[in-house]
Every structure is written in C-alpha cells, then in structure tokens.
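Worksheet for the structure shown next.
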Amino acid sequence: MTNLHRHAPLRVALVGLGTVGGGVIRLLNTNGDLIARRAGCPIQIVAISARDRSKDRGVDLSPYEWVDDMTTLATRDDVDVVVELIGGADGPALTLARQCLTLGKPFVTANKAMLAHHGLDLARLAEQGGTALKYEAAVAGGIPVIKGMREGAAANEIARVYGILNGTCNYILTTMEKEGRAFDEVLKEAQELGYAEADPSFDIDGVDAAHKLTILASLAFGTELDFGAVATTGIRHVIAADIAEAAALGFRIRLVGMAQNGPEGLFQRVHPMLVPLDHPLAHVDGSLNAVVAEGNFVGRLFFQGRGAGDGPTASAVVADLIDVARDEYGDAFAMPVAALSPQNVADAGARIGRTYLRFKVQDRPGVLAEIAAATRDAGVSIESMIQRGANQADGVLVAIVTHAGEERCVHDALERLAGSDSLLDTPMVMHILD
C-alpha cells in the first residue's frame, strides 16, 4: 500500500473532548512540527464531536468544525481517520467503529471495554476493509506496551504477561501502605483528587484491569479475546491490617492482572496479590502502571509509566495516528483473526502457589484449632499463622500464609469453614506472586 498522505495532511476527526481529547489537541498544537517530520506529513484535526458543545474544555476549539452527528464522520471524504475517545463497550462508540472499519476508514480508539467485548469482530472488519484498528491508548496509557507486544516481542513465545493495570487501585493501595489509612478514607481522597470516578466500581472491583488483561492476553498468546474468562476480584475488601501483615512478611499488596498460557489452557485473573519486595512490581507506586512480559528468547520485559491522564494517553493516541500516516497498519491482534486460537480455559484450582488468608474471628478458645483442622483436612499446609490482639467490637484478626499447594485445597478449606459462627466476616484470600 502506498502512503497517500506522505505530502498531504492526515485529516483527523476527533470524537470525545474530555481529558484525553483535550490532551490530543494540545499535543498536536505543541509538537506539530516534530510529529509531521516523523509521520511524513502534517496531522491535522478537521472535525470534532462531543455531547456538549458549550462546555469549556480548556483548549481553543474554534479552528475545528463541530459535528453534532458523529456517525456522519465515517462517510466524509475530507476525513482520513477517526479517533474515538467517548468510551463504553456498546452504544455510539461501537456503532461508529463498525461504520468506519466497514468503509475502510482507519479507526483509533482508547476504548478498552469495547475492544475486550467486541475486539474480534472489529479486527475482522478492519481486515475485510483493508484498514487500521489502532488502540495503543487502551492499555496502560502512555506506555507503549501494545506496540511492544505486537511488534517488539513478536518473535517470542510469551509464557506469561502480568502487571499493574489500574492506576486508581495502585494509588489507593500504595497510599494505604505509606500512611496506614483505611480503604474508604483513601478512596474518598482519590475521588477528590480526580484519580477515582464518583462511581469507582469499574476500577476498584477490577473490571477496568480485566478489560486490559483481555487485550494483552490475546496479543501475548495469539488467542481469541474472552473477557468472560477473566476471574476478577477487586480491592474494596483489602484493609490496613492486610497491608501491615504483608509488609511484616516481606511483601506489598498490588492489584495484579495475570495471564498465563500452557498445555493445561489459558489462565486469566485480576486479583490483589502479595508481591515480594525484590520484584519490580512492588516498587510501582502511586497511579503508575507496569506490565511484565516473559518471552522465551527475550526474557523478562518490564514496561512502566503513567497509565492515565491527558498527556500520556494523548501521546499513545497520536503515536497511532503517526502509524496511520505511515500506512503502518498490521493486524490488530498481531495476527489475522482466523489465526487466533479459541481459548481453552485453564483450571485455576490446579495452580500451584502460596496463599495469604485473613480471618476475622470471635475471641474465644478453639477458634485457631478450628481453622487449623479445616486447612489440615483440605490438604493445606500452613507456613505461618499470626493472631493479632483482641478487639471486642471487631473480633480478632488471624492471618495465615500457606506453603505452595493447589489452589483448590485452599478453596476446600474455606468451604469447610463456611457457616462457622467463629467467623465474623468473609475471609480475605490473596495469592502470592512467585
């Protein structure tokens, strides 16, 4: 394919003028000359669309044509590429994506939810239309992890990909860690600072990270996307005592998305984990993101940087636009859709590893013996058990670290304890990153 825009400008329609959309405008205005030299042509926004025309977005919108009906952008001859930044797995974003790709118009998006749920269909449309589906901004903000996985590590068989994929959760956990504060208090502060939404469920319940992991797993292993196969647990039940116990044991708690492929199938999970202090993820603080990929020839690759915000995410969007200007399209998920293999979901119960268990129990004789008996009968070997002082209102905290064993044994032990009047709350389960 010849580059039709090598001299003429690449004409962009920008849909969505929130934080990231404003960042794209500022980035193109600030670095326009440098971007043009790297792209081989100027990149110019010619049309914009959003829900509220009157809202002040902190950038001058007067040079651009305002379009009320964004669906018309797919058919306009004076628009070469559409950038979608409105979000949502379905609805207008999905309609626009399908229209553009069906008509062979390149489409750039930061919409991880849409890709996690509809990525295969959209990639298939892009192939049929001979056009580009680009989404560097959908995972880990400004970190070039999509390009790194799809291109830089393309010659490697990836054994495992995992990381810290949500900056809101990482900010909350690391603030709790440093200041010893409660989850609810830190969440409220994160909302006031703009790190967390008014309804933070997507972040703190792990859904956002699961969307991103779905995409990474497909890129890493050449498998079809299957968001429903990601076992997802968030951080809302992590308490300050968990973080203190983890520190005493030589760990830090992070929300980790992990995907691993093997003969037994593909394993995908988002879960708060205990990360050893000598692992790089233990030192990823604040709202940063980080991704680790383990290749059979390249070894461990570690990507770290700002995972959200106007600057980093806009940087990823414009990097995709530069690729479009160069006609560097490539398959959306590193290979043709027909070459992606169906997922065979691995049995999580067969995974071998150590586990942290925290119980809130009655302060009375025999409780520890009851827990020990349940773990013994389930085949769980206890490495350490710690009981913290009594508190008549809240009971006693008991923390256990197991020896390495099958996860189904831990599940069995908890089933044996279910319904016991010794337990005052649902036990907290966190696996330990090996």
Side-chain angles (χ1 to χ4, degrees), residues 3-67 70 73 76 78-87 105-112 132 134-148 151-152 167 193-195 286-290 303-329:
N3 192 327
L4 301 178
H5 310 294
R6 182 57 61 185
H7 302 293
L10 181 72
R11 299 165 298 180
V12 178
L14 180 62
V15 180
L17 295 171
T19 300
V20 179
V24 170
I25 293 172
R26 281 188 289 273
L27 176 55
L28 288 173
N29 287 339
T30 302
N31 290 354
D33 290 343
L34 175 64
I35 290 167
R37 287 163 53 202
R38 288 177 173 162
C41 66
I43 296 178
Q44 297 178 354
I45 297 172
V46 297
I48 56 176
S49 183
R51 282 184 295 185
D52 184 358
R53 185 190 287 232
S54 63
K55 183 178 178 181
D56 182 8
R57 294 172 170 87
V59 291
D60 181 11
L61 302 179
S62 62
Y64 318 115
E65 178 187 352
W66 184 279
V67 177
M70 67 179 183
L73 298 172
R76 285 180 50 158
D78 62 341
V79 170
D80 300 310
V81 55
V82 173
V83 175
E84 178 271 312
L85 301 172
I86 57 176
K105 182 160 291 186
F107 189 77
V108 174
T109 182
N111 193 335
K112 61 266 185 182
K134 295 283 188 177
Y135 54 90
E136 184 67 61
V139 178
I143 308 171
V145 65
I146 301 299
K147 190 178 289 288
E151 300 173 18
L193 293 172
Y195 289 127
S287 60
L288 295 178
N289 282 193
F303 304 85
Q304 177 180 320
R306 291 173 61 193
D310 58 342
T313 311
S315 174
V317 169
V318 175
D320 280 344
L321 290 174
I322 291 172
D323 277 354
V324 171
R326 295 169 172 169
D327 282 327
E328 294 177 359
Y329 286 8

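The residues of the chain are indexed from 1 along the displayed sequence.
- When Val24, Val108, Asn111 are each tested for a side chain to side chain contact (heavy atoms under 4.5 Å, CB included) with Leu85, only one passes: Val24.
- Ala314 and Gly23 get closest at one heavy-atom pair: CB-C, 3.4 Å.
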How far apart are the C-alpha atoms of Arg76 and Glu65, what are their side-chain angles, what is the distance that settles it, and do they pass the side-chain contact (heavy atoms from CB on, under 4.5 Å) test?
-> CA-CA 13 Å; Arg76 285 180 50 158; Glu65 178 187 352; 2.8 Å; yes

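- Other residues, nucleotides and ligands contribute over 12 non-hydrogen atoms within 6.0 Å of the CG atom of Asp78.
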Applying side-chain contact (heavy atoms from CB on, under 4.5 Å), run through Leu288 and Arg306 and close with a yes or a no.
-> CA-CA 5 Å; Leu288 295 178; Arg306 291 173 61 193; 3.9 Å; yes

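- For the pair Glu136 (side chain) and Ile146 (backbone), a donor-acceptor distance under 3.5 Å is present.
- The closest donor-acceptor contact from the side chain of Arg326 to the backbone of Arg38 lies under 3.5 Å.
- When side chains are defined from C-beta on, Lys134 does not count as touching Val81, because their heavy atoms never get closer than 4.5 Å.
- No donor-acceptor pair under 3.5 Å is formed between the side chain of Ser49 and the backbone N or O of Val15.
- Looking at Thr313, its side chain does come within 3.5 Å of a backbone N or O of Gly309 through a donor-acceptor pair.
- Closest non-hydrogen pair, Phe303 versus Pro144, comes out as CE2-O, 4.1 Å.
- Using modelled atom types, no side-chain atom of Asp80 and backbone atom of Leu10 make a donor-acceptor pair closer than 3.5 Å.
- Checking Val12, Leu27, Asp323 one by one against Val318, the side chain to side chain contact (heavy atoms under 4.5 Å, CB included) holds for a single residue, Leu27.
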Check step by step if side-chain contact (heavy atoms from CB on, under 4.5 Å) holds for Leu17 and Arg53.
-> CA-CA 10 Å; Leu17 295 171; Arg53 185 190 287 232; over 6 Å; no

Go through the steps to decide whether Leu61 and Ile25 satisfy the test side-chain contact (heavy atoms from CB on, under 4.5 Å), and finish with yes or no.
-> CA-CA 9 Å; Leu61 302 179; Ile25 293 172; 3.7 Å; yes

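- Closest approach of Ala137 and Ala110 over heavy atoms only: CB-CB, 3.7 Å.
- Residue Ala50 comes nearest to Trp66 through the heavy atom pair O-CZ2, 3.3 Å, listed as atom of the first residue, atom of the second, then distance.
- Legend: residues meeting side-chain contact (heavy atoms from CB on, under 4.5 Å) with Asn289, ordered by chain and number and at least two apart, are Ala140, Ile143, Lys212.
- Judged by distance alone, with hydrogens and angles left aside, the side-chain atoms of Asp320 form a donor-acceptor pair with the main-chain N or O of Tyr135 at under 3.5 Å.
- Atom OG of Ser315 and atom CG of Asp310 lie 11.0 Å apart (nearest 0.5 Å).
- Here the side chains of Val59 and Asn29 are not in contact, with every heavy-atom distance at 4.5 Å or above.
- In this structure, CG on Leu28 lies 7.0 Å from CG on Leu321, to the nearest 0.5 angstrom.
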